[in-house]
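Here's the structure, in structure tokens; my notes come after.
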Amino acid sequence: MKLTIFRRIVLFISVIALALSAPAAELVSVSAAAAADSPAPVPAQEILPSSRPRASIEDETAVPAGSSAFQSSVSRHKKSKGLSLSQLLRKYPETLKTQGPRRKMIALTFDDVPDPRFTPQLLDVLRKYKVKATFFVVGSRAEKHPALVARMIREGHAIGNHSYNHPQFSKLSMNAFRIQIIRTENILQLLAGYKPKLIRPPYGDINEPQVKWAKSHGYKLVNWNVDSLDWRGLSKNQVKHNILSRAGRGAIILQHGGGGRGSNLQGTLQALPEIIGILRQRGYSFVTVPQMLQVSKSK
């Protein structure tokens, strides 16, 4: 009888021990699997133009510069210890630009290219009306669509660096920020024959240490002072109004030649011929950003 009770006690203790140990074993298994699946950090010196992107703006809906999500992020940035964009503009006027000299010149700029859905149509319009523009190129897209970058160069347009995969610069470490710039310029060196002097931060967002780095390495940071808001999928007339009501001497106009999933840029494509015609009637000439700022297109 005592032996039977003893055996039951041993069995009960064994069952409890097994139940308690199972989750821990599963946790170890899951942790090991996660570690195996996590990509190892890529050293800066190993970043090459042929490397596959970890992410791309095609992989998710873009968060454009005027969106509520972006404005919320900018608001948080302003509340931090860093300088606001307007303060950076005043402190680094030769490095960070939003417009050119007050002359009757306009610079049309197009972000998030190349995108085979929109960029070829855009290039067709510019060629038809004999306008040279400035395209801010995303490195991961340039890798996928090198022929479109080659066409931009062949048809006399300027290009600038718009990062490798469109992150918000102010959220990156300095090393990650540098990799975004260097990786993209190496791609563009191969495709365009030069490393662009111009950088446009995605969403127009950048912090002071990044501005200092750009200045010390001979770059120009170019934002805009006229926003078409075309990323919202606006109609032709809405895009026209947003540009023509604000365009003036030395204006740098922001439009898009590419976008995220579900983007609709037909408004900007349809409005562009009339925008060009009306601004010419007003006495403006169209120039590239390097021409407007009187700087070299290359570093």
Self-check item: side-chain contact (heavy atoms from CB on, under 4.5 Å) evaluation trace for F118 with V113
Solution: CA-CA 9 Å; F118 309 111; V113 296; over 6 Å; no
Self-check item: Note, L148 side chain near F135 side chain (heavy atom, < 4.5 Å)
Solution: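 No, too far: nothing below the 4.5 Å cut-off.
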Quiz item: Heavy-atom distance under 4.5 Å between the side chains of R178 and H217, does that happen here?
Solution: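 No, their side chains stay 4.5 Å or more apart.
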Exercise. Go through the structure and list residues passing side chain to side chain contact (heavy atoms under 4.5 Å, CB included) with Q99, not counting sequence neighbours.
Key: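 Partners of Q99 by the side chain to side chain contact (heavy atoms under 4.5 Å, CB included) criterion, ordered by chain and then number, come out as N225.
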Self-check item: Electrostatic pair D112:R200 at N-O distance under 4.0 angstrom
Solution: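 Judged by the 4.0 Å cut-off on N to carboxylate O distance, D112 and R200 do not form a salt bridge.
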Practice problem: Please check if the side chain of S298 supplies one atom and the backbone of K195 the other of a donor-acceptor pair under 3.5 Å. | Solution: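 No; zero donor-acceptor contacts below 3.5 Å.
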Quiz item: Does any N or O in the side chain of K240 come within less than 3.5 Å of the main-chain N or O of S235, such that one atom is a donor and the other an acceptor?
Solution: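 Absent.
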Quiz item: Taking the six-membered ring of Y284, is the NZ or CZ of K104 close enough (under 6.0 Å from the centre) and on axis enough (within 45°)?
Solution: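 Geometry flag: set, cation within 6.0 Å and 45°.
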Is it true that atom [atom1] of [X] has more than 12 heavy atoms of other residues, nucleotides or ligands lying nearer than 6.0 Å?
{"X": "K215", "atom1": "NZ", "answer": "no"}
{"X": "K297", "atom1": "NZ", "answer": "no"}
{"X": "R103", "atom1": "CZ", "answer": "no"}

Quiz item: With L269, which of D230, D124, L122, V239 fulfils side-chain contact (heavy atoms from CB on, under 4.5 Å)?
Solution: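 Of D230, D124, L122, V239, side-chain contact (heavy atoms from CB on, under 4.5 Å) with L269 is met by L122 alone.
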Quiz prompt | The single option from V211, L96, L221 passing side-chain contact (heavy atoms from CB on, under 4.5 Å) against L89 | solution =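 Between L89 and the candidates, side-chain contact (heavy atoms from CB on, under 4.5 Å) is satisfied uniquely by L96.
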Quiz prompt | Gap between atom CD1 of I199 and atom CD of E185 - 0.5 Å precision | solution =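 Nearest 0.5 Å value for the CD-CD1 distance: 7.5 Å.
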Practice problem: Evaluate side-chain contact (heavy atoms from CB on, under 4.5 Å) for T184 paired with H162, printing each intermediate quantity in order. | Solution: CA-CA 8 Å; T184 301; H162 197 42; over 6 Å; no
Self-check item: D205 side chain to Q168 side chain, donor-acceptor N/O pair below 3.5 angstrom
Solution: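 Yes.
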Quiz item: Could you walk me through whether F169 and N207 pass the side-chain contact (heavy atoms from CB on, under 4.5 Å) check?
Solution: CA-CA 8 Å; F169 281 168; N207 61 35; over 6 Å; no
Exercise. Would you please classify the geometry between the Y219 ring and the W213 ring as parallel, tilted or perpendicular, with 30° and 60° separating the classes?
Key: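 Plane angle under 30°, so parallel.
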